[in-house]
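Written below as structure tokens is the structure these notes are about.
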Protein chains: 2
Amino acid sequence: MKAANLRARVRAEMTEEIKQVARRHLATDGADLSLRAVARDLGMASSAVYRYFASRDELLTALIIDAYDAVGQDAEQAAAAHEDPAEKWVAIGHAVRDWALANPHQWALIYGSPVPGYQAPRDTVVPATRVIFALAETIRLGLADGRIATVPPQPAGRFGEELVAIAEQFGPDVPAHLVGAGLYGFIHLCGAVSAELFGQLNNGIDDDRRGFFEWQMRATAAFAGLS
Amino acid sequence: MKAANLRARVRAEMTEEIKQVARRHLATDGADLSLRAVARDLGMASSAVYRYFASRDELLTALIIDAYDAVGQDAEQAAAAHEDPAEKWVAIGHAVRDWALANPHQWALIYGSPVPGYQAPRDTVVPATRVIFALAETIRLGLADGRIATVPPQPAGRFGEELVAIAEQFGPDVPAHLVGAGLYGFIHLCGAVSAELFGQLNNGIDDDRRGFFEWQMRATAAFAGLS
DNA sequence: GCTTTTGCAAGAGCAGTGCTCTCGTTGTGT
DNA sequence: ACACAACGAGAGCACTGCTCTTGCAAAAGC
């Protein structure tokens, strides 16, 4: 059974190697990942790859999960490195942006338009929440420390009830409007990074994009009452 | 020469028809537009399409320009339908969102991740600015009417100078921080629509997405001083 | 020990893609 | 009427995702 473990380990290594080469292809050749090209780089027949991933989409899904985890981990580490909630908030933003600038095609994979034959399996749901959870935890900390000064406008309407439902997942006494502000901040974070990465800022802000980004992050922090 | 006009007109009609069928394919089959499939639908050989578009990318570029113009026009009309700057602002947002919900794949084309062999030709630059110009014009109007109440935080650093440079294109006496707020609002608008369209809101805000969106738009309007 | 089952890799093959080239045809300007 | 440019169709190239069959080596059962 040691041999069996060996077999499983070799399989795990092979799986990881395929993902690694695929990531490299994604980074260099662009978004249209070719399974055959990956197989060629590994010196194996294209059909052999199907022993490890049932389809190209499944490979992409694996890459998506890894990407969510990678950017989520960076965000969590950045948050842990600061004491003040507002600084945590901004640090999360910079961490996400830095990761996206370093891995633009992986960013496009997770926060860009869904891939052609798009399908978001359940496996991606949990890793996808790490960044927004880091933001939410920052707000919760600020709230616990009495660091939340001003408050965003009260949500009115049915979506307010949905915010309440989300708030209850974070524990008692979390105001719905702060959940709204957290979601607002997350949306703006994704929007700002995507705008920079996808060329929406071209011929506008070309020099000090980091400064402009930080200005935006501080604005969203202030919207959540973190100053 | 009347015959020449006829030839040119037939060519224009054919070009438009190809784009129309391509848009339909984009809407139904998804993002991976197949030139051959479009040709089949038109009852022509795939090679004949190349008489009208030099490549698949060129077809996509044409669709991108049209999409920018379409959403831009909707935004401008929505703005024109209101008097109060804050209402103009929200109306622009809803117009853009409505268009995106009606044409999700076209939205992905212009504001999603760039297409695989991506290239943003110069032709797309001008149409791409219509939405943000509509937002900027709204701010300018509010400023002229003395409707700008509070102001966003002053941008500090090099990007502040870049904002000044942009502000000068809009005319004299336009404060840089308002340009920043306009860009901020545009980025959030794109982020909010993309988040909704690309599934980032799933298992969170599922019911009253319109309400949540409007709440966000009013927040960005307030950030620009429009209330 | 040997046999059977399983996991894996390779190759051929299918249907599809973007794109090029050639070859007739048809309409246009002189 | 003639030369020329525009056009459509077809064949073909290199590529893609994916399936199926074949052969081989490692694990499992007796």
Side-chain angles (χ1 to χ4, degrees), chain A residues 1-19 21-22 24-26 28-64 105 109 114-119 121, chain B residues 1-19 21-22 24-26 28-64 105 109 114-119 121:
Chain A
M1 81 192 209
K2 182 164 185 175
N5 285 353
L6 188 142
R7 180 114 113 177
R9 211 185 61 200
V10 167
R11 181 178 177 83
E13 282 174 7
M14 197 69 212
T15 305
E16 201 54 47
E17 199 170 349
I18 292 174
K19 286 199 289 184
V21 173
R24 214 181 54 213
H25 266 82
L26 214 58
T28 58
D29 293 3
D32 48 353
L33 180 67
S34 161
L35 232 152
R36 288 179 110 111
V38 171
R40 265 198 304 273
D41 254 31
L42 287 164
M44 60 182 354
S46 65
S47 55
V49 179
Y50 285 84
R51 296 275 170 194
Y52 300 89
F53 297 95
S55 68
R56 180 174 163 276
D57 273 14
E58 200 172 281
L59 210 193
L60 283 175
T61 300
L63 295 180
I64 287 172
H105 287 99
L109 216 53
V115 279
Y118 82 118
Q119 207 77 330
Chain B
M1 78 192 210
K2 183 164 187 175
N5 284 353
L6 188 142
R7 177 113 117 179
R9 212 183 61 200
V10 167
R11 182 178 177 81
E13 281 175 8
M14 197 71 212
T15 306
E16 201 54 46
E17 198 169 350
I18 292 174
K19 286 198 291 185
V21 173
R24 215 181 53 213
H25 267 81
L26 214 57
T28 59
D29 294 4
D32 49 352
L33 181 68
S34 161
L35 232 152
R36 288 179 110 111
V38 171
R40 265 197 304 274
D41 254 32
L42 286 164
M44 62 183 352
S46 65
S47 55
V49 180
Y50 285 83
R51 299 277 174 199
Y52 299 88
F53 297 96
S55 68
R56 181 174 163 277
D57 273 14
E58 201 172 281
L59 211 193
L60 283 175
T61 300
L63 294 180
I64 287 173
H105 287 99
L109 216 54
V115 279
Y118 82 118
Q119 208 76 331

Find every protein N or O atom lying less than 3.5 Å from an N or O atom of nucleotides 5-8 of chain C, and list the pairs.
unit_1, atom_1, unit_2, atom_2, d
C:dG7, O4', A:Arg7, NH2, 2.8
C:dC8, OP1, A:Arg11, NH1, 3.2
C:dC8, OP2, A:Arg11, NH1, 2.8

Taking N or O atoms only and anything under 3.5 Å, show me the protein contacts with nucleotides 12-15 of chain D, one pair per line.
unit_1, atom_1, unit_2, atom_2, d
D:dG12, O6, B:Arg36, NH2, 3.4

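With sequence neighbours left out, the salt bridge (Lys or Arg N to Asp or Glu O under 4.0 Å) criterion links A:Glu16 to A:Lys19, A:Arg23.
Of all heavy-atom pairs spanning B:Leu59 and B:Phe53, the tightest one is CA-CD2, 3.8 Å. A pairwise comparison of heavy atoms in A:His105 and A:Ala31 identifies CD2-N, 3.8 Å as the closest pair. Shown here for A:Asp29 and A:Asp32, the closest heavy-atom pair between the two residues is O-OD1, 3.9 Å.
The listed nucleotides are C:dT17, C:dA9, D:dA9; the one nearest the side chain of B:Ala37 is C:dT17.
Distance CG (A:Asp32) to P (D:dT16): 10 Å, rounded to an integer number of Å. Going from atom CD of B:Glu17 over to atom C1' of D:dC7 covers 16 Å, rounded to whole Å. For the pair B:Asp57 CG and C:dC19 P, the computed distance is 7 Å after rounding to whole Å. In this structure, the CE atom of A:Met44 is 5 Å from the P atom of C:dA9, given to the nearest Å.
Recorded end-axis angle for the helix from C:dG1-D:dC30 to C:dT30-D:dA1 stands at 10°, based on five pairs per end and rounded to 10 degrees.
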Can you give me every donor-acceptor pair (side chain of residues 38-50 of chain A, partner residue at least two apart or in another chain, under 3.5 Å) with its distance?
unit_1, atom_1, unit_2, atom_2, d
A:Asp41, OD2, A:Arg24, NH2, 2.6

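No engagement by B:Leu59 is indicated, since no non-hydrogen atom pair under 4.0 Å with the nucleic acid exists. As judged by a 4.0 angstrom heavy-atom cut-off over every strand, A:Leu42 is placed among residues making no nucleic acid contact.
Applying the 3.5 Å distance criterion, the base of D:dA9 shares a donor-acceptor pair with the side chain of B:Ser47.
Without hydrogens or angle criteria, B:Arg56 side chain to B:Leu35 main chain gives no donor-acceptor distance under 3.5 Å.
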